[in-house]
Amino acid sequence: MRIVFCGVGALGSLSAVLCRNLNATLVFIDFDRVESKNLASQAFVKPSVGKNKAEALKLQLSNFHGVKAEAFGVRLASENVDTLLVSADLVVDCFDNQKSRLLVSEWCRAKQKPLVHAALAADGSFGLVRWDARFVADAEDHEGQATCEGGEHLPLIGLVTAALARAIQEFVKSATERDFMISLSGVSET
């Protein structure tokens, strides 16, 4: 089983850590670098500051937990999406922008690859985990809109990443595709 996480910021990095028990190769795609402000809301440790997020997460999971992991420190684009996703058994969208989400969704639909999305409202009021057939990518209010810098919304991020990890684990175990709506009041299946 090869699980490809597209984007390893708050949602991607924390849910990947919660999937460390799976008998799978975890693959990380992210062009961004770890910044100090990321440490409060993402899975990275202080020595990772300045490193590529995909590489840093691969090293952490490999060194601390013995997880089989691969990293691609690039921006996913139409020119490389075939190469990066073709061997995926499951694709996990944790991007924070509509353009990247649409690229992944269109590619997975064309290639009939299973895809699950995780998203967090910019105001931190709710999050969701939804399989591609029932997901619509919303546009950001403005490009580069941050949703969880500096630990903002951390309790909600924790709930969303736990629900995403649960959805991934259930898919790996039984090919089940369950959607979840998440708020600070709890997690409900939708």
Side-chain angles (χ1 to χ4, degrees), residues 3-19 28-45 48-54 56-57 73-78 81 85 90-109 115-168 177-190:
I3 303 171
V4 179
F5 289 79
C6 298
V8 289
L11 299 180
S13 67
L14 293 170
S15 61
V17 170
L18 296 175
C19 289
F28 310 122
I29 301 171
D30 202 312
F31 72 94
D32 203 5
R33 298 209 170 271
V34 178
E35 298 178 61
S36 295
K37 66 182 180 182
N38 300 140
L39 298 178
S41 60
Q42 301 180 14
F44 303 104
V45 294
S48 295
V49 172
K51 294 182 180 169
N52 171 267
K53 288 183 178 181
L57 189 58
V74 298
R75 184 184 298 268
L76 190 69
S78 58
V81 67
L85 299 184
L90 171 63
V91 179
V92 181
D93 165 31
C94 294
F95 283 134
D96 61 359
N97 66 85
Q98 183 186 39
K99 182 179 176 184
S100 297
R101 288 182 186 278
L102 290 175
L103 174 67
V104 172
S105 183
E106 288 170 7
W107 188 90
C108 286
R109 287 176 184 182
L115 168 63
V116 63
H117 302 269
L120 186 69
D123 65 359
S125 59
F126 71 95
L128 59 83
V129 171
R130 190 160 290 162
W131 289 85
D132 192 55
R134 298 172 291 280
F135 182 78
V136 176
D138 292 335
E140 307 80 54
D141 295 335
H142 56 85
E143 189 172 333
Q145 180 178 11
T147 55
C148 47
E149 298 293 348
E152 191 174 4
H153 313 307
L154 192 54
L156 183 61
I157 292 168
L159 290 173
V160 173
T161 57
L164 177 58
R166 177 70 181 256
I168 294 167
E177 297 183 358
R178 293 174 55 200
D179 297 336
F180 299 98
M181 178 66 75
I182 301 104
S183 73
L184 289 177
S185 300
V187 177
S188 56
E189 188 169 353
T190 57

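One is the number of the first residue; the rest follow in order along the sequence.
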Side chain to side chain donor-acceptor pair (under 3.5 Å) partners for Thr190, two or more places apart
none
Verify side chain to side chain contact (heavy atoms under 4.5 Å, CB included) between Phe5 and Leu11, making sure each step is shown before the conclusion.
CA-CA 10 Å; Phe5 289 79; Leu11 299 180; over 6 Å; no
Tell me the salt bridge (Lys or Arg N to Asp or Glu O under 4.0 Å) pairs involving residues 179-190, sequence neighbours left out?
Arg134-Asp179, Arg178-Glu189
Sequence neighbours excluded, the answer for side-chain contact (heavy atoms from CB on, under 4.5 Å) partners of Phe31 is Arg75
Given side chain to side chain contact (heavy atoms under 4.5 Å, CB included), test Leu164 with Cys94 step by step and report yes or no.
CA-CA 10 Å; Leu164 177 58; Cys94 294; 3.7 Å; yes
What distance separates Leu156 CG from Phe126 CZ, expressed to the nearest 0.5 Å?
9.5 Å
Considering residues at least two apart in sequence or located in another chain, which fulfil the side chain to side chain donor-acceptor pair (under 3.5 Å) criterion with Arg33?
none
Could you work out, with ring-ring contact (aromatic ring centres under 6.0 Å, His included) as the rule, every residue matching Phe95, not counting sequence neighbours?
none
Atom pair CG (Leu128) and OG (Ser183), whose distance is rounded to the nearest 0.5 Å
12.0 Å
Assess the residue pair Asp32 and Asn52 against the criterion (side chain to side chain contact (heavy atoms under 4.5 Å, CB included)); give the C-alpha distance rounded to whole Å, side-chain angles, the decisive distance to 0.1 Å, and a yes or no.
CA-CA 6 Å; Asp32 203 5; Asn52 171 267; over 6 Å; no
List for me each residue that meets salt bridge (charged side-chain N to carboxylate O under 4.0 Å, His left out) alongside Arg130, sequence neighbours excluded, and say none if there are none.
none
Among residues at least two apart in sequence or on other chains, which ones pass salt bridge (charged side-chain N to carboxylate O under 4.0 Å, His left out) with Arg109?
Asp132
Could you tell me whether a side-chain N or O of Thr161 sits under 3.5 Å from a main-chain N or O of Gly158, the two making a donor and an acceptor?
yes
In terms of ring plane angle, is the pair Phe135 and His117 parallel, tilted or perpendicular, where the classes change at 30° and 60°?
parallel
Can you measure from SG (Cys6) to CD1 (Ile29) and round to the nearest 0.5 angstrom?
4.5 Å
Approximate separation, where rounding is to 0.5 Å, of Leu90 CG and Cys108 SG
8.5 Å
All side-chain contact (heavy atoms from CB on, under 4.5 Å) counterparts of Asp138, not counting sequence neighbours
none
Between the side chain of Asp30 and the main-chain N/O of Lys53, is any donor-acceptor distance below 3.5 Å?
no
Can you sort out the partners of Asp93 under salt bridge (charged side-chain N to carboxylate O under 4.0 Å, His left out), two or more places apart, ordered by chain and number?
Arg101
Residues forming a side-chain contact (heavy atoms from CB on, under 4.5 Å) with Gln98, sequence neighbours excluded:
Leu102, Ala137, Ala139, Glu140
ring-ring contact (aromatic ring centres under 6.0 Å, His included) with Phe180: which residues, sequence neighbours excluded?
none
Separation of Glu35 CD from Ser48 OG (nearest 0.5 Å):
13.0 Å
Are the side chain of Ser13 and the backbone N or O of Gly9 linked by a donor-acceptor pair below 3.5 Å?
yes
Is the shortest heavy-atom distance from the side chain of Val92 to the side chain of Val4 under 4.5 Å?
no
I'd like to check the side-chain contact (heavy atoms from CB on, under 4.5 Å) partners of Ser36; sequence neighbours left out, ordered by chain and number.
Val49
